[in-house]
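Remember, it's 1-based here, ligands and their atoms both numbered in the order they're listed.
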Amino acid sequence: MTYDSHDPWLLTPGPLTTSLTVKEAMLHDWGSRDVAFIEANRTVRERLLALAGAERDHVCVPLQGSGTFAVEATIGTLIPADGKALILINGAYGKRMAKICDYYRRDYVTLETPEDVPNDVAALERTLADDPDITHVLCVYCETTSGLLNPLQAIAVATERAGRKLIIDAMSAFGALPLEAGETPFSAVVASSNKCLEGVPGLGFTIVRRDDLAACEGNSPSLALDLHAQWKAMEGNGQWRFTPPTHVIFALARAIEEHAAEGGVAGCGARYRRNCEILTTGMREMGFTTLLPDALQAPIIVTFHRPPDPRFDFQDFYDRLNARGFVIYPGKLTVAESFRIGCIGRIGETEMRAALDAVRATIAEMGVTKLAPRAAA
Ligand SMILES: Cc1ncc(COP(=O)(O)O)c(C=O)c1O
């Protein structure tokens with residue numbers, strides 16, 4: 001995995017470490033009408049659809065910006081003014097979808113579980129049965145706030161059975177965790193270029209049922225975030241409506257080739273699972289504890305409890321690890337003080353073991369000895 005670089009390893013939820021060849025794919029300038037660019041854009045859209053086994057009934061609509069732009073565009077376009085969402089929440093990204101509904105004045109209800117508890121499928125079924133006004137269910141596949149894997153398959157089946165449409169935020173899962181349109185019925189899946197696909201940041205995309213999107217003309221109150229208009233324009237002449245992120249598309253085209261060479265979703269997912277296993281085993285051996293039991297942990301990012309030792313200061317820990325070449329991430333939980341270490345990006349066993357060595361050296365240097373929180377000690 002390693003190459004000669006002075007960049008730190010990004011053990012975060014993104015942006016992430018990319019391969020040298022993905023970076024090199026950006027070493028040119030392309031005009032927005034350049035034939036090579038239009039072809040790369042077409043290929044990327046097709047390959048993203050294929051990754052979700054969604055070539056038959058869905059289309060892929062890319063959008064400039066980060067993942068949130070695509071989530072917002074999808075909600076604002078697919079849910080009509082008289083629609084109603086049911087949002088499954090167990091972290092910041094579920095809450096963000098509710099906030100988007102507030103901005104767009106879309107009616108919604110929420111079903112919330114604690115940050116370390118998966119979405120409640122029985123409650124989902126009951127709520128859908130009791131409230132015929134609900135048109136869409138919104139969920140987060142891997143809730144990156146904690147690293148928790150939600151029961152997507154059961155959610156999709158329950159939503160389809162109840163005759164409602166499912167919008168999935170698969171931002172930190174797409175490309176690494178299973179998601180096939182033939183097995184997991186969905187109206188829309190949203191993800192971005194810079195997480196498990198290992199491209200660079202700059203675009204989000206939505207894989208959406210063609211018939212659902214076709215019915216959404218005029219729904220979006222936004223000009224730039226109108227997914228229907230973005231789709232129609234791109235279908236028309238192969239070009240983007242507004243200045244395209246040309247370099248991001250070429251980097252993503254290259255990243256998707258490397259993803260395929262590794263064995264696609266299965267290959268990438270297997271590397272991340274191994275990264276996650278090495279990380280959690282090594283950290284637990286040192287005395288750190290994880291927020292989640294292994295059964296709920298997605299192999300994407302791991303939340304560790306903040307050690308109770310008074311000598312542990314997160315900023316100091318972060319800075320010292322950074323100086324050793326590893327960037328980690330603060331916690332985002334409300335239930336517990338924590339920090340996070342990611343398992344995704346162009347990293348493998350060598351980097352995970354080196355990260356563990358760096359953590360070991362750092363806590364020794366800081367004089368931190370008490371690592372497990374009181375309850376678990
Ligand atoms: C599940 C999930 N949804 C949405 C987002 C938002 O993506 P972005 O920060 O690219 O806007 C993230 C970012 O980490 C995420 O993990």
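With respect to Arg241 and Asp226, no salt bridge is recorded, no charged nitrogen being found less than 4.0 Å from a carboxylate O. A salt bridge does not link Glu285 to Arg360: none of the charged nitrogens lies less than 4.0 Å from a carboxylate oxygen.
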* **Thr145/Arg96 under side chain to side chain contact (heavy atoms under 4.5 Å, CB included): CA gap, chis, key distance, verdict** => CA-CA 11 Å; Thr145 311; Arg96 190 173 294 176; over 6 Å; no
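Looking at residues two or more places apart in sequence or on another chain, you find a side-chain contact (heavy atoms from CB on, under 4.5 Å) between Ala25 and Arg254.
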When you check ligand 1 against the protein, what N or O pairs turn up below 3.5 Å? List the atom names and distances, or just say none.
{"unit_1": "ligand 1", "atom_1": "3 (N)", "unit_2": "Asp169", "atom_2": "OD1", "d": "3.2"}
{"unit_1": "ligand 1", "atom_1": "3 (N)", "unit_2": "Asp169", "atom_2": "OD2", "d": "2.6"}
{"unit_1": "ligand 1", "atom_1": "10 (O)", "unit_2": "Gly67", "atom_2": "N", "d": "2.9"}
{"unit_1": "ligand 1", "atom_1": "11 (O)", "unit_2": "Ser66", "atom_2": "OG", "d": "2.5"}
{"unit_1": "ligand 1", "atom_1": "11 (O)", "unit_2": "Gly67", "atom_2": "N", "d": "3.3"}
{"unit_1": "ligand 1", "atom_1": "11 (O)", "unit_2": "Thr68", "atom_2": "N", "d": "2.8"}
{"unit_1": "ligand 1", "atom_1": "11 (O)", "unit_2": "Thr68", "atom_2": "OG1", "d": "2.5"}
{"unit_1": "ligand 1", "atom_1": "14 (O)", "unit_2": "Tyr93", "atom_2": "OH", "d": "3.3"}
{"unit_1": "ligand 1", "atom_1": "14 (O)", "unit_2": "Lys195", "atom_2": "NZ", "d": "3.1"}
{"unit_1": "ligand 1", "atom_1": "16 (O)", "unit_2": "Thr144", "atom_2": "OG1", "d": "2.4"}

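Heavy-atom contacts from other residues, nucleotides or ligands closer than 6.0 Å to CZ of Arg33 number 12 or fewer.
Heavy atoms only, all atoms of each residue included: Pro221 and Arg106 are closest at CD-NH2, 4.0 Å.
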